[in-house]
Number of protein chains: 2
Amino acid sequence: MESRGISKAVIGRLPRYYRYLGELNEAGVERISSSDLSKKMHVTASQIRQDLNNFGGFGQQGYGYNVKYLRTEIGKILGLDQSHNMVIIGAGNLGQALANYASFARNGFILKGIFDVNPELKGKVIRDIPIRMMDELETVLQEENIDIAALTIPKTKAVEVSDILVRNGIKAIWNFAHTDLNLPKDVIVESVHLSDSLMKLSYNITRYKEEHGED
Amino acid sequence: MESRGISKAVIGRLPRYYRYLGELNEAGVERISSSDLSKKMHVTASQIRQDLNNFGGFGQQGYGYNVKYLRTEIGKILGLDQSHNMVIIGAGNLGQALANYASFARNGFILKGIFDVNPELKGKVIRDIPIRMMDELETVLQEENIDIAALTIPKTKAVEVSDILVRNGIKAIWNFAHTDLNLPKDVIVESVHLSDSLMKLSYNITRYKEEHGED
DNA sequence: TAGATTGTTAATCGATTAACAATC
DNA sequence: TAGATTGTTAATCGATTAACAATC
């Protein structure tokens, strides 16, 4: 599985391919051509073939791609065939929302702990996992071989907590705090900035209103 | 404010500029050069100047950019100086998390309603807004001049609900369902696919492990 | 004025699309 | 075999970076 130097643009499209292939598979579709898939996904067939060929030749001339096989292979590329232990830090609504996503477990993300500073939440159980206080975090990180920490805490606490995580050897942070984390470059950070997303939406509404003179 | 044909890449960076300028402003910084900002944000100064000059000359030679002024102007470009009425559909953890983001209101996003199918949630109040049942949705959409609907419902319901939204003239959908929405092209859709984001994280962990032989 | 820094043009780089020979 | 469709090379397009004249 050749993988060095794949562009972020390509990686960013893989989950979407994986999703569409999953839907096709559930619908009982056995094979699909890049051309048919391109119509479904509103991208070019050329892009699909180029993207996939970064990782190997998954198709067959004259036939197309086997849906189940291609999906499995993309899953492997994304590392979904392996399991990753995960903790959630911040048990507010967002943290609890993440904890409740059943499909995470299906893709190999195993929730090993939920932490918060609020004593009222202590012991509340979500998906069989009791919410713990922050003073237990380091022990869990050290003993449970945690790969991923989801940070669903206010930005004011994010730097402090991410330092604790890094000190305890966390490999990757899924960051929902409204701030960038400047961490050693061997720590992988994937940020979800919800307010950035909403601002893009706002931008598009504003442009639309300008074009249609509703403003 | 010239705006036609600005690339998505540029738009996607504006919220981040806005965020950094906000932090600088709060820290009492009055002016900043593209060079200094580039170091803070880990981008090139050239990119900052190019990005901003899509919208006009906000700086001054020999001086740089006035932080407060530039922030305000980017806010206007993003439409944050206007208010948008919004509803949340799906009052699970994620919907409630969005409802509780205080900063949305600060940026002009005004929550006018929260809807769910679960009768147990009926009447529960979040940020002064009672959760209502779905049968009241159309009335609210028609009477309250709603611009934005945040969709925090399972993907199985997303298509059905988005049809209702479109029928009632919604302008923009902030989509958290794990599916793409194929709607008329005058409806703006901004999707947040959390599972896609987690898969990208997983990809990077996997690559990292391969490189470091932990696999 | 001299120094600093922008706005903007030109050069480079990378990503997307098109085309087609290879091959199932 | 003939038809279909991939894998891959080449062409195009767009985005990023570099350079520098304009100007505060």
Side-chain angles (χ1 to χ4, degrees), chain A residues 1-17 20-21 24 29-74 77 196 200 203, chain B residues 1-17 20-21 24 29-74 77 196 200 203:
Chain A
M1 202 189 294
E2 183 48 57
S3 64
R4 197 59 29 67
I6 308 292
S7 81
K8 279 190 187 170
V10 174
I11 308 309
R13 287 191 289 266
L14 292 182
R16 190 156 177 264
Y17 292 135
Y20 274 82
L21 290 164
L24 286 165
V29 177
E30 258 179 43
R31 68 186 187 94
I32 192 158
S33 67
S34 58
S35 165
D36 286 352
L37 187 56
S38 80
K39 278 166 203 142
K40 264 189 123 53
M41 297 185 65
H42 302 289
V43 298
T44 64
S46 211
Q47 181 166 76
I48 293 173
R49 294 204 299 276
Q50 284 278 22
D51 283 353
L52 298 179
N53 274 92
N54 281 298
F55 304 97
F58 300 126
Q60 198 163 83
Q61 285 95 332
Y63 172 87
Y65 299 88
N66 178 288
V67 169
K68 196 169 286 185
Y69 170 71
L70 182 57
R71 178 169 184 274
T72 304
E73 289 305 308
I74 294 179
I77 294 165
D196 290 20
K200 279 193 272 178
Y203 173 87
Chain B
M1 201 188 295
E2 183 48 57
S3 64
R4 197 60 27 70
I6 308 293
S7 81
K8 279 190 186 170
V10 174
I11 308 309
R13 288 191 288 266
L14 291 181
R16 189 157 179 262
Y17 292 136
Y20 275 81
L21 289 164
L24 286 165
V29 177
E30 259 179 43
R31 68 186 187 93
I32 193 158
S33 67
S34 57
S35 164
D36 286 352
L37 186 57
S38 80
K39 278 166 205 142
K40 264 189 124 51
M41 295 184 66
H42 303 287
V43 297
T44 64
S46 211
Q47 181 166 75
I48 293 174
R49 295 204 298 277
Q50 285 278 22
D51 282 354
L52 297 179
N53 274 92
N54 281 298
F55 304 97
F58 300 126
Q60 199 165 82
Q61 284 96 333
Y63 172 85
Y65 299 88
N66 177 288
V67 171
K68 195 169 286 184
Y69 171 71
L70 182 58
R71 179 169 183 274
T72 305
E73 291 303 308
I74 294 179
I77 294 165
D196 290 19
K200 279 193 273 177
Y203 173 87

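Chain A is the first sequence line, chain B the second, and so forth, proteins listed ahead of strands; every chain is numbered from 1.
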Could a donor-acceptor pair under 3.5 angstrom be found where the side chain of A/Ser7 meets the base of C/dA15? no
Under a 4.5 Å cut-off applied to non-hydrogen side-chain atoms, are A/Thr44 and A/Gln50 in contact? no
Whether A/Ser34 contacts D/dT6 is assessed here as follows: a side-chain N or O lying under 4.0 Å from the phosphate OP1 or OP2. Is that the case? yes
Expressed in angstrom and rounded to an integer, what is the separation of B/Lys8 atom NZ from C/dA15 atom P? 17 Å
CG of B/Asn53 versus C1' of C/dT5: gap in Å, rounded? 12 Å
With the side chain counted from C-beta on, respond yes when B/Arg13 and B/Gln47 share a heavy-atom pair under 4.5 Å apart, and no when they do not. yes
From CZ of A/Arg31 over to P of D/dA4, roughly how many Å is that when rounded to an integer? 11 Å
Give a yes/no on whether any side-chain N or O of B/Tyr65 is located under 4.0 angstrom from OP1 or OP2 of D/dC24. no
Using a cut-off of 4.0 Å on non-hydrogen atoms, how would the nucleic acid contact of B/Ser46 be classed: base, sugar-phosphate, or nothing? base
Rounded distance (Å) that lies between atom C1' of D/dA4 and atom CD1 of A/Ile32: 15 Å
Is there a Watson-Crick or G-U wobble partner for D/dC24 with both distances under 3.5 Å, and which nucleotide is it? C/dG3
Phosphate OP1/OP2 of D/dT6: any A/Arg49 side-chain N/O under 4.0 Å: yes
Taking only the side-chain heavy atoms of A/Gln61 (C-beta and beyond), determine which of D/dA22, D/dT16, C/dC24 contains the nearest atom. C/dC24
When rounded to whole Å, the CD1 to P distance for the pair B/Ile48 and D/dT17 reads 11 Å
In whole Å, I'd like the distance from the CD1 atom of B/Ile6 to the P atom of D/dG14. 14 Å
Strictly distance-based, threshold 3.5 Å: is any side-chain N or O of B/Arg16 a donor or acceptor partner for the main-chain N or O of A/Asp196? no
5' priority, DNA chain D, between B/Val10 and A/Gly59 [closest heavy atom]: A/Gly59
Euclidean distance, atom CG of residue A/Leu70 to atom P of D/dT5 [Å, nearest integer]: 16 Å
Decide yes or no, distance alone: a donor-acceptor N/O pair under 3.5 angstrom between the base of D/dT9 and the side-chain of A/Gln50. yes
Atom-to-atom span, CG of B/Asn66 to P of D/dC24 - whole angstrom: 16 Å
Assuming nearest nucleotide by heavy-atom distance, tell me which of A/Gln60 and A/Asp51 is located more 5' along DNA chain C. A/Asp51
Tell me whether the NZ or CZ atom of A/Arg31 lies within the 45° cone about the ring axis of A/Tyr65 and under 6.0 Å from its centre. no
Across every strand shown, the nucleotide meeting Watson-Crick or G-U wobble geometry with C/dA18 (both distances under 3.5 Å) is D/dT9
Measuring from the side chain of B/Gln47 (C-beta onward, heavy atoms only), which nucleotide among D/dT6, C/dG7, D/dT16 has the closest atom? D/dT16
What is the distance from atom CD of A/Glu73 to atom CZ of A/Phe55, rounded to the nearest 0.5 Å? 11.5 Å
